[in-house]
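Everything on this sheet refers to the single structure shown next.
Residue numbering restarts at 1 for every chain, and letters A, B, ... go by the order of the sequence lines.
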Amino acid sequence: MRREQPGTSYERIYAAVRRVPRGRVATYGQIARVAGLPGHARQVGYALHALRPSTTVPWQRIVNAAGAVSLRRGGGGGALSQRLLLEREGVAFDARGRIPLARFAWRPRR
DNA sequence: CCACTGACGAGTG
DNA sequence: GCACTCGCCAGTG
């Protein structure tokens, strides 16, 4: 199944994700836009989901527009891992489990 | 070809 | 802020 390279779009998405600096987070829509695929936020999530465990792509820095972790497996290792990885980078979560985007959102230059 | 699902977002009430 | 709808695209049955 090679869902890791269905085309060139995924590469663009991964490239955009790699731009997010440590200690900052970006939203799916933001990544889609930077990757040149405005409006394809859903594909960004799909592309990241297809990543291998050993990937070098900093997927943990991508959260939804609300600033919350969006892994479907809520209590599963995924969401927890993402949160721990981010906290380890200096990203803080509020009581509701969300990240204050006003403070940690990545601001790419355009 | 059609229906459904999935790491989403924006608009509306 | 919450619930609902629609739009996007790819993969699967």
_Using the side-chain heavy atoms of A:S70, tell me which of these nucleotides is nearest: B:dG9, B:dC8, C:dA10._
B:dC8
*Could you work out which one of B:dG6, C:dG1, B:dG9 sits closest to the side chain of A:A41?*
B:dG9
*May I ask you to decide if A:W106's main-chain N or O and A:Q30's side chain share a donor-acceptor pair within less than 3.5 Å?*
yes
Give the rounded distance in Å between these two atoms: [atom1] of [X] and [atom2] of [N].
X	N	atom1	atom2	result
A:R42	C:dC6	CZ	C1'	10 Å
A:Q43	C:dG7	CD	P	17 Å
A:H49	C:dC9	NE2	C1'	16 Å
A:Q30	B:dA10	CD	P	10 Å
A:R33	C:dC8	CZ	P	18 Å
A:L48	B:dG6	CG	P	17 Å
A:L37	B:dG9	CG	P	15 Å
A:Y46	B:dG9	OH	P	17 Å

_Strand contacts (DNA chain C) in residues 60-67 of chain A, 4.0 angstrom heavy-atom criterion_ = none
*Has A:H40 got a side-chain N or O lying under 4.0 Å from the OP1 or OP2 atom of C:dC8?*
no
*If the plane angle is over 60° it's perpendicular, under 30° parallel, otherwise tilted; pick one for A:Y10 and A:Y14.*
perpendicular
*Would you please name every residue forming a salt bridge (Lys or Arg N to Asp or Glu O under 4.0 Å) with A:R18, sequence neighbours left out?*
none
*Contacts of A:R96 that satisfy salt bridge (Lys or Arg N to Asp or Glu O under 4.0 Å) - sequence neighbours left out*: A:D94
Test item: [X] and [Y] side chains (from C-beta on) under 4.5 Å apart, heavy atoms:
X	Y	result
A:W59	A:H49	no
A:R22	A:R61	yes
A:I13	A:V57	no

